[in-house]
Number of protein chains: 2
Amino acid sequence: MKVIDRHEAALDRILELVVLLNHDMTQSLARDGLTVSRAHLLWELRHRGPMTQRDVAEALKVSARTITGLVDGLVATGFVTREPHPTDRRATLVTFTEHAATTVAAMERDQQKFAHLLFAGMPDEQFDCFVAGLGDVLTRLRDQGLSYEIREDDQ
Amino acid sequence: MKVIDRHEAALDRILELVVLLNHDMTQSLARDGLTVSRAHLLWELRHRGPMTQRDVAEALKVSARTITGLVDGLVATGFVTREPHPTDRRATLVTFTEHAATTVAAMERDQQKFAHLLFAGMPDEQFDCFVAGLGDVLTRLRDQGLSYEIREDDQ
DNA sequence: CCTTCATCGTGATGCCTCCTCACTATGTGT
DNA sequence: ACACATAGTGAGGAGGCATCACGATGAAGG
């Protein structure tokens, strides 16, 4: 029981972290004319190159319909363009613009500074251990899919 | 530079954790007829007892107007009631119902299981270290207010 | 070639979160 | 009393997200 209580306290902290980070990111991204979702889309595009909307939907874990809306917004503000798919005329390729590249580069610089701010001065040993624990937690979360879904096999 | 890169990788993991957790929680809470925001409100109420909407707004870091909407929804589904404030006739006290108590208790049980799932089998030493690091990060985040806001004093 | 079925994107609709501005009803201080 | 601050809400707006239905296109088989 003792153990579970400690685990629960840790989860509480993680949840607080989630809330705090979400709030801060929303504020910060607004300065670039972006929202968390749109930035997430840009981020994905940046790392994978042009994608069909379908692929984006899967990457962001949202419905295809939602992507239509997000891309609409990003096209309107000039962050991405819709290009015809070379071989499949049903699909469109969402592609990065120069504008987006500039903005994402700035975001990345911010992220670096922010990361440095969070971890600067933390003893190497503790940092390594923290990252290891984080990786562990992340792995379990991914492995189990919707791991928060416990109530089914509950009572 | 090397150090910052490691820090950035750690932030990336934290961000992935945020995305994953947010997604899972949304799914899970939907089963109870709740949303993340409404559950957050309930959680706060649960730990602090009846609060004025103003206080709730500050606790959740959203505008007073938003709370009106959240409480409307929670009242409609029977999770809370609006009681007149004993001394200030302008204010209303948002209070827990039996229904909410039951649901929150179930949520707490889920959370315990979930926490156990995330950390079970992790060596004590690593767990302690992880929690310490988490606390550290959280402290810095709180201390600096909107810490993600770096661009002002940037270039 | 022509059906049949799967897939891509989108219109229509509806719910939820959040915000700002304006306004009423109340407190409070001088 | 009078001015000013505070609690909550109506109005209106931007987004994020989902499901259902539908048109356009692709792919597989007869």
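Here is the naming used below: chain letters follow the sequence lines, and residue numbers restart at 1 for every chain. Note that the structure is a prediction, hence the values are computed from the model and not measured.
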B:T35 has a side chain; which of D:dT9, C:dC16, C:dT10 sits nearest to it? C:dC16

Report yes if a side-chain nitrogen or oxygen of A:T66 is closer than 4.0 Å to either non-bridging phosphate oxygen (OP1 or OP2) of D:dC17; otherwise report no. no

Are B:R54 and D:dA5 close enough that a side-chain N or O sits under 4.0 Å from OP1 or OP2? no

Could one point to a donor on the side chain of A:R90 or the base of C:dT7 with an acceptor on the other under 3.5 Å away? yes

Between A:R48 and A:D55, is there a salt bridge with N-O shorter than 4.0 Å? no

Please report, rounded to the nearest Å, how far the C1' atom of C:dT7 is from the CD atom of A:Q53. 13 Å

Which nucleotide wins on minimum distance to the side chain of A:A91, given the candidates C:dC8, C:dT17, D:dG8? C:dC8

So, are B:R31 and B:D110 salt-bridged, with charged N and O less than 4.0 Å apart? yes

Rounded to whole angstrom units, what separation is found between the CG atom of B:L74 and the C1' atom of C:dC16? 12 Å

OP1 or OP2 of C:dC8 under 4.0 Å from side-chain N/O of A:R89: no

Residue closer to the 5' end of DNA chain C, A:T92 versus B:A64 (nearest nucleotide): A:T92

Donor-acceptor check, side chain of B:T95 to backbone of B:P50, threshold 3.5 angstrom: yes or no? no

Provide, to the nearest angstrom, the distance between the NE2 atom belonging to B:H85 and the C1' atom belonging to C:dT26. 13 Å

Would you please say whether a donor-acceptor pair under 3.5 Å links the side chains of A:D136 and B:Q126? no

Considering only heavy side-chain atoms of A:S37, the closest of C:dC19, C:dT17, D:dG16 is D:dG16

Nearest whole angstrom, please: distance from the P of C:dC16 to the CE of B:M25. 18 Å

Taking any heavy-atom pair under 4.0 Å as a contact, classify B:L70: base, sugar-phosphate, or nothing. sugar-phosphate

So, B:E58 and B:R54, do they make that salt bridge, N to O below 4.0 Å? no

Can you classify the ring geometry of A:F127 versus A:F119 as parallel (below 30°), tilted (30 to 60°) or perpendicular (above 60°)? perpendicular

Rounded to the nearest Å, what distance is computed from the NE2 atom of residue B:H40 to the C1' atom of nucleotide C:dC16? 17 Å

Determine: side-chain N/O of A:S63 to OP1/OP2 of D:dA18, distance under 4.0 Å, yes or no. yes

Find the distance B:L60:CG to C:dC19:C1' and express it as a whole number of Å. 15 Å

Round to a whole Å and report the spacing from CD of B:E58 to P of D:dG8. 11 Å

Residue pair A:T87/A:V36 against DNA chain D: nearer the 5' end by closest nucleotide is A:V36

Rounded to whole Å, how long is the line connecting atom CD1 of B:I67 with atom P of D:dT6? 18 Å

Taking for A:D88 and for A:D72 the nucleotide of DNA chain C with the nearest heavy atom, the one nearer the 5' end belongs to A:D88

Proximal nucleotide (of C:dT20, C:dC18, D:dG8) relative to the B:R65 side chain: C:dT20

